[in-house]
Amino acid sequence: MTIEAILKEDIQKAVQKHFQLDNQEIILQPTKKEFEGFYTFVTFPLTKAARKAPAEIGQIIGDELIASSSLVAGFNVVQGFLNISLKDSTWLDLFGKISSDATFGTLPSNGKSVMVEFSSPNTNKPLHLGHLRNNFLGDSLSKILKASGYDVVKTCLVNDRGIHICKSMLAYRELGNGETPESSGIKGDHLAGKYYVLFDIEYKKQIKALVEQGMSEEEAAKKAPWILEAQQLLLLWENNDPETVALWQKMNNWVYEGFAETYKKIGVSFDKTYYESNTYLLGKDIIEEGLQKGVFFKKPDNSVWIDLTEEGLDEKLVLRGDGTSVYITQDLGTTELKNSDFGNDRYLWVVGNEQDYHFKVLFAILKRLGRTYAHGCYHISYGMVDLPSGKMKSREGTVVDADDLVGQMVQTASDRTQELGKIDDFNSEEAKQLYNQLALGALKYFLLKVDPKKRMLFNPEESIDFQGHTGPFIQYTYARIRSIMRKAEQAGISAEIPGDSYAMHQAERELVFALSQYPVKVVAAANEFAPSLISQYAFDLAKVYNQFYAEVSIFSDPDPEAVKLRVALSGAVAETIRKALGLLGIDVPERM
RNA sequence: GGUCCCGUAGCUCAGCUGGAUAGAGCAACUGCCUUCUAAGCAGUAGGUCUUUGGUUCGAAUCCAAACGGGAUCACCA
């Protein structure tokens with residue numbers, strides 16, 4: 001049982017005893033910094049039923065807690081706020097439990113499984129900043145869910161077919177001259193992306209030429225030779241034309257090699273990858289089933305629809321008149337496939353908020369079809385990453401490329417570290433590892449500290465910070481503590497918790513309190529699908545530690561009990577920072 | 001136009017299951033390295049929480065409307 005729960009119980013008993021109020025819900029909040037105490041009980045809600053003034057109620061409950069609660073050391077009442085201080089023995093006891101619990105912050109298995117689908121790239125262009133937000137969110141959520149007791153399956157659905165892929169294939173066939181990643185020295189995914197952009201340039205030229213001949217813009221866009229050619233290529237691909245399929249495979253393999261390199265660099269991996277080229281024909285049997293159940297209906301042109309006006313949505317096409325699939329058809333099929341492959345309790349999709357409507361429709365259809373797993377489906381919708389100039393567009397080349405950005409971050413980390421000159425004895429391999437840790441720490445933290453729902457602005461002109469509310473600040477705190485732990489080890493000082501007579505320093509109590517919040521935050525982050533709660537927590541913990549560090553001396557305190565306790569506290573904070581950052585996919589360095 | 005999301009300090013963001021004088025970081029200004037890592041700590045300054053109503057003992061937080069920004073309402077994925 002947590003301290004908070006015991007304290008609530010004690011307050012409840014006091015309320016019962018003095019005001020004869022049963023089943024009163026007790027809400028505790030952390031005490032504001034200006035006041036003494038750690039937990040605050042607000043008495044206003046009781047005033048009516050207890051027929052007493054708020055301050056008086058606070059006084060009565062406070063007196064009772066002193067008399068009967070084993071935890072409480074003192075209290076003060078400000079207006080209707082009862083601020084409660086705990087005994088040092090309570091803090092030490094709590095810290096003892098935290099530091100001896102190797103699985104602190106990791107909940108036991110809840111017997112449930114969850115699938116997290118994220119990343120979902122297109123194979124016609126390299127990953128960009130928006131993908132990074134997606135990848136980091138998905139990866140971090142997977143880790144948070146795992147820590148909170150779920151069995152987690154990470155999946156990725158690769159969009160490897162369609163007209164957009166044919167566009168890069170066409171441009172390559174016409175303009176490529178047999179160029180390869182090897183011959184050009186260009187990373188595979190970037191090479192494919194280059195031809196996607198070249199397609200667009202040529203396509204626009206053709207439209208412009210047609211418009212000059214008097215065609216309307218709209219018609220020109222449909223009649224330009226290259227778009228017709230690309231459509232032709234898609235047909236050939238769907239008919240398994242050997243030459244087209246060979247080109248498709250060749251270019252996709254380049255892209256996969258490029259992706260693999262990027263994923264490895266950013267530390268993201270999947271348990272299972274689905275390819276749309278394998279799943280795009282799925283879902284038609286579900287359409288048939290839905291027609292039989294009367295969930296769908298046919299229009300005269302043979303197209304199949306569902307009426308979702310009852311759910312506040314519109315009529316939605318689920319199969320074209322010519323019998324070919326649309327996006328929702330595929331997704332129905334893919335979801336069914338995922339369920340038969342894994343049979344999870346929950347299915348999560350980390351997908352941008354421009355697809356909010358799509359997922360509402362998908363889930364509504366699954367429910368109408370009577371799929372029990374539909375109730376475990378959830379779309380983790382996140383906002384776009386915008387540039388000061390507006391939206392990123394791959395076709396127009398106005399994207400912040402993931403590889404470039406990571407590269408720049410590594411460079412910045414390297415410059416900054418060398419300026420400080422603290423690791424001059426590192427060999428080049430060690431230094432390289434540190435720069436990577438710091439670069440990714442800064443980048444991941446930058447993208448994960450914000451509420452996923454909100455769109456965020458990225459200004460490429462201003463580099464991502466390494467000071468203040470950042471990943472490196474927290475990494476620094478860890479490295480700082482590790483240095484202390486090495487010193488303690490050398491001096492033969494062990495981490496120990498003093499006896500009950502020990503009078504704690506306020507900074508020590510604050511550290512124990514901060515540590516005790518970790519499991520609470522893990523659960524909240526898992527329930528709300530919000531890695532930002534962990535980000536915020538890790539920052540707060542690091543900040544509290546740095547205050548402690550500045551306020552007390554660890555090794556030169558005359559009291560050996562204080563020294564041992566502070567070493568123990570430091571060790572526990574380092575461990576908790578390591579775990580919390582680990583949930584964000586961020587590594588911690590021993591030195592920096 | 002319908003639906004959904006967002007609007008808090010110059011900037012980037014916390015806080016939102018109602019509670020005390022609304023918190024951080026960056027940027028600006030002041031201090032603190034002969035002592036455990038100054039990528040740090042302490043401090044100054046910066047706010048009609050978009051606006052207007054409502055509910056409440058109490059509203060940044062809940063409700064309604066307006067204004068501003070974004071997304072979506074494709075036989076694209």
Side-chain angles (χ1 to χ4, degrees), chain A residues 27 29 31-35 40 42-45 47-48 54 78-81 83 120 122 157 159 161-165 276 280 301 303-305 312-322 324-331 352-358 360-361 381 383-384 386 391 413 416-417 419-420 422-423 438 442 446 449-451 453-459 462 464-477 479-488 491 532-533 535-536 539-540 542-543 545-556 563 566-567 570 591-592:
Chain A
I27 296 170
Q29 59 190 53
T31 302
K32 296 207 98 185
K33 269 196 178 153
E34 314 83 280
F35 301 100
T40 293
V42 184
T43 65
F44 291 106
T47 47
K48 241 183 199 166
V78 182
Q79 293 162 24
F81 299 92
N83 301 321
S120 307
N122 288 340
L157 175 61
N159 188 317
R161 62 162 289 279
I163 189 78
H164 49 292
I165 312 289
E276 222 170 77
Y280 83 106
D301 68 349
S303 58
V304 181
W305 295 73
L313 306 166
D314 309 300
E315 274 191 5
K316 183 85 189 167
L317 177 98
V318 293
L319 195 71
R320 292 191 188 101
D322 63 6
T324 56
S325 301
V326 290
Y327 181 33
I328 197 88
T329 328
Q330 289 179 42
D331 243 10
N353 62 7
E354 76 274 13
Q355 292 197 32
D356 286 356
Y357 186 78
H358 170 77
K360 276 187 190 168
V361 171
S381 163
M384 299 287 100
D386 289 327
K391 215 175 163 174
R416 184 91 184 106
T417 305
E419 243 169 64
L420 291 169
K422 293 182 191 174
I423 58 147
L438 294 176
F446 177 80
K449 74 175 174 182
V450 183
D451 180 352
K453 275 203 304 283
K454 292 185 176 173
R455 53 196 283 263
M456 59 188 293
L457 192 78
F458 176 78
N459 189 348
E462 298 166 13
I464 293 174
D465 273 320
F466 282 70
Q467 282 169 43
H469 189 185
T470 66
F473 165 81
I474 305 167
Q475 291 172 313
Y476 169 75
T477 308
R480 198 181 217 189
I481 298 174
R482 289 303 303 153
S483 160
I484 284 170
M485 299 312 280
R486 284 191 295 271
K487 189 175 169 181
S532 56
L533 295 180
S535 315
Q536 196 67 40
F539 175 68
D540 289 341
K543 197 142 182 60
Y545 184 84
N546 281 319
Q547 284 161 357
F548 161 86
Y549 180 92
E551 209 171 313
V552 306
S553 167
I554 292 172
F555 293 111
S556 57
V563 174
R566 287 167 194 175
V567 168
S570 299
R591 284 178 57 194
M592 65 184 272

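Chain A is the first sequence line, chain B the second, and so forth, proteins listed ahead of strands; every chain is numbered from 1.
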Base, sugar-phosphate alone, or nothing: which one does [X] contact when heavy atoms must sit under 4.0 Å apart?
X        : value
A:Arg161 : nothing
A:Val552 : base
A:Ile163 : nothing
A:Thr417 : base
A:Phe81  : base
A:Lys422 : base
A:Pro54  : nothing
A:Ile484 : sugar-phosphate
A:Glu276 : sugar-phosphate

B:C16: syn or anti, per glycosidic angle within 90° of 0: anti
Secondary-structure notation, RNA chain B, from Watson-Crick and G-U pairs under 3.5 angstrom (| other strand): (((((((..((((.....[...)))).(((((.......))))).....(((((..]....))))))))))))....
Annotated protein contacts, base or backbone, on nucleotides 22-32 of chain B with a non-hydrogen cut-off under 4.0 Å, one of B, S, - each: -SSSS------
For [X] and [Y], test the side chains for any donor-to-acceptor distance below 3.5 angstrom and give the result as yes or no.
X        : Y        : value
A:Thr470 : A:Asp465 : no
A:Asn353 : A:Arg455 : no
A:Tyr549 : A:Ser570 : no

Under 3.5 Å, which protein N or O atoms sit close to an N or O of nucleotides 68-75 of chain B? Give each pair with its distance.
residue, atom, partner, partner atom, Å
B:C73, O2', A:Asp314, OD2, 2.9
B:C75, N4, A:Asp301, OD2, 2.7

Near-ring test A:Tyr545/A:Phe548, centroid separation under 6.0 angstrom: yes
Atom-pair distance (CE on A:Met456; C1' on B:C5), nearest Å: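 The answer, rounded to whole Å, is 16 Å.
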N/O donor-acceptor pair, side chain A:Thr40 with base B:A20, under 3.5 angstrom: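 Check passes, donor-acceptor contact within cut-off.
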